[in-house]
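Heads up: the structure comes next, in structure tokens.
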Amino acid sequence: MGIKERRDREKVQRQNDILDAAEKVFFEKGYNAATMDDVAEEAELSKGTLYLYFKNREELYFGLTHRALLNLRDRFQKVLDGDGTGLEKVTKIGRAFHAYSQEEPDYYKTIAQFEMAQLGATSEGQEVEQKCHQAGKGVMEQVAAAIIQGIEDGSIRKDVHPLKTAFLLQGLSNGVIQLMAREGKHVDAFEDFEMDDLMDEFIQMMIRALEPN
């Protein structure tokens with residue numbers, strides 16, 4: 001291995017170590033309360049060294065968002081690489097998204113914040129922010145790929161627009177997940193069904209909406 005390759009590998013490792021520290025700090029304290037000093041202390045680096053890798057707190061958060069999106073992308077790819085019709089893969093992706101929100105709640109919230117544009121872009125953060133947009137686009141294209149497969153194998157209606165439908169499914173899924181988080185205790189205490197039933201019902205509604213007549 002040459003000197004340049006070794007230095008590049010060391011740089012990537014240091015960036016990942018910093019992101020590990022930032023993840024712990026941001027998820028424990030919240031974005032607004034966390035500081036670059038906190039991250040530097042957690043990473044056991046000087047603040048000057050930290051700034052060599054990430055220019056500001058916003059850029060660090062975009063780095064975490066990119067990591068969260070890649071994590072989600074890997075989950076969806078496992079579905080795409082598996083067996084099943086396109087419609088079956090769309091439903092499996094929906095369940096994988098719900099599982100992601102439960103198993104990686106901090107990552108899920110990080111992506112949600114990014115999508116809601118609660119963190120404004122700066123000229124210093126544009127490059128890493130663009131990486132987030134590209135990763136997010138890749139995730140939506142994975143959903144669209146499952147829909148395209150379904151159109152081709154006959155399990156999904158031919159008149160749906162794959163990418164538009166992917167965005168609609170994402171929005172609806174987020175709405176159901178947030179409803180479950182917000183109203184879960186009330187439903188479990190006062191209604192005659194369990195909150196988890198809503199996700200199953202949503203999946204069935206999605207299937208009925210996509211199936212050919």
**OP:** Among residues two or more places apart or on two chains, list those pairs meeting ring pair (Phe, Tyr, Trp, His ring centres under 6.0 Å) that have a residue in residues 163-211.
**Re:** H186-F190
**OP:** Search all heavy atoms of N56 against all heavy atoms of M36 and return the closest pair with its distance.
**Re:** C-SD, 3.7 Å
Subject >> Path from L69 to L80 over hydrophobic side-chain contacts below 4.5 Å >> reply: yes
Original post:
Are side-chain heavy atoms of V176 and L172 found at a separation under 4.5 Å?
Top reply: no
Subject >> E10 CD: over 12 foreign heavy atoms closer than 6.0 Å >> reply: yes
**OP:** Consider only side-chain N and O atoms of Q77 and D81, and report whether a donor and an acceptor are under 3.5 Å apart.
**Re:** yes
Subject >> Main-chain N/O of A146 paired to K89 side chain as donor or acceptor, under 3.5 Å >> reply: no
Subject >> K24 and D106: CA distance, side-chain angles, deciding distance, salt bridge (charged side-chain N to carboxylate O under 4.0 Å, His left out) verdict >> reply: CA-CA 10 Å; K24 183 175 181 179; D106 292 315; over 6 Å; no
Original post:
Per the side chain to side chain contact (heavy atoms under 4.5 Å, CB included) rule, which among T91, V90, L198 passes with I203?
Top reply: T91
Subject >> Distance, nearest 0.5 Å, that separates CD1 of I147 from CD of E152 >> reply: 12.5 Å
**OP:** Mark yes when over 12 heavy atoms from residues, nucleotides or ligands other than Q170 sit less than 6.0 Å from its CD; otherwise mark no.
**Re:** yes
**OP:** Examine distances only and state if a side-chain atom of T65 and a backbone atom of C132 form a donor-acceptor pair shorter than 3.5 Å.
**Re:** no
Original post:
Are E103 and Y108 linked by a side-chain donor-acceptor pair shorter than 3.5 Å?
Top reply: no
Original post:
For atom CZ of R157, is the number of surrounding heavy atoms from other residues, nucleotides or ligands below 6.0 Å larger than 12?
Top reply: yes
Original post:
Within 45° of the six-membered ring axis of Y107 and under 6.0 Å from that ring's centre, is NZ or CZ of R67 located there?
Top reply: no
Subject >> Residue pairs involving residues 126-156 (criterion ring pair (Phe, Tyr, Trp, His ring centres under 6.0 Å); sequence neighbours excluded) >> reply: F114-H133
Subject >> Residue pair F26 / L60, side-chain heavy-atom distance below 4.5 Å >> reply: yes
**OP:** For the residue pair H98 and I177, establish whether any side-chain heavy-atom pair is separated by less than 4.5 Å.
**Re:** yes
Subject >> CD on E28 to CD on E23, rounded to 0.5 Å >> reply: 10.5 Å
Original post:
Given the rule that I, L, V, M, F, W and Y join up when any side-chain heavy atoms are under 4.5 Å apart, are L72 and M140 in one cluster?
Top reply: no
Please list every donor-acceptor pair under 3.5 Å in which a side-chain atom of residues 46-53 meets a protein atom from a residue at least two apart or in another chain.
{"from": "S46", "atom 1": "OG", "to": "T49", "atom 2": "N", "distance (Å)": "3.1"}
{"from": "S46", "atom 1": "OG", "to": "T49", "atom 2": "OG1", "distance (Å)": "2.8"}
{"from": "K47", "atom 1": "NZ", "to": "D37", "atom 2": "OD1", "distance (Å)": "3.3"}

**OP:** For the residue pair Y100 and I111, establish whether any side-chain heavy-atom pair is separated by less than 4.5 Å.
**Re:** yes
Original post:
Looking at CG of D153 and CD of Q149, how far apart are the two atoms once the value is rounded to the nearest 0.5 Å?
Top reply: 5.5 Å
Original post:
Quick check: does any side chain N or O of D200 sit under 3.5 Å from a backbone N or O of D197, one acting as donor and the other as acceptor?
Top reply: no
Original post:
Do L169 and I148 belong to the same hydrophobic cluster, where Ile, Leu, Val, Met, Phe, Trp and Tyr are linked whenever their side-chain heavy atoms lie under 4.5 Å apart, directly or via other members?
Top reply: no
Original post:
For the hydrophobic clusters of this structure (ILVMFWY residues joined by side-chain heavy atoms under 4.5 Å, transitively), does one cluster hold both V25 and L45?
Top reply: yes
Subject >> Value rounded to 0.5 Å, distance of NZ in K78 from NZ in K92 >> reply: 14.0 Å
**OP:** Could you tell me the separation between the CZ atom of R57 and the CG atom of D38, rounded to the nearest 0.5 Å?
**Re:** 10.0 Å
Subject >> Between Q178 and N174: side-chain donor-acceptor atoms closer than 3.5 Å >> reply: no
Original post:
Is it the case that one hydrophobic cluster holds both I93 and L163, taking links as side-chain heavy atoms less than 4.5 Å apart, direct or via other members?
Top reply: no
Original post:
Side chains of R9 and Q13: closer than 4.5 Å at any heavy-atom pair?
Top reply: no
Subject >> Side chain to side chain, P162 and I151, heavy atoms closer than 4.5 Å >> reply: yes
**OP:** Please confirm whether the backbone N or O of R73 pairs with a side-chain atom of Q142, one donor and one acceptor, at under 3.5 Å?
**Re:** yes
Original post:
Does the side chain of T110 come within less than 4.5 Å of Y31's, by heavy atoms?
Top reply: no
Original post:
At what distance, to the nearest 0.5 angstrom, does CG of L179 lie from CE of M199?
Top reply: 9.5 Å
Subject >> For G154 against P212, the heavy-atom pair lying closest together >> reply: O-CG, 3.3 Å
Subject >> Where V39 and A21 come nearest, the two heavy atoms and their spacing >> reply: O-CB, 4.0 Å
Original post:
Do the charged groups of K131 and E59 touch, with an N to O distance under 4.0 Å?
Top reply: no
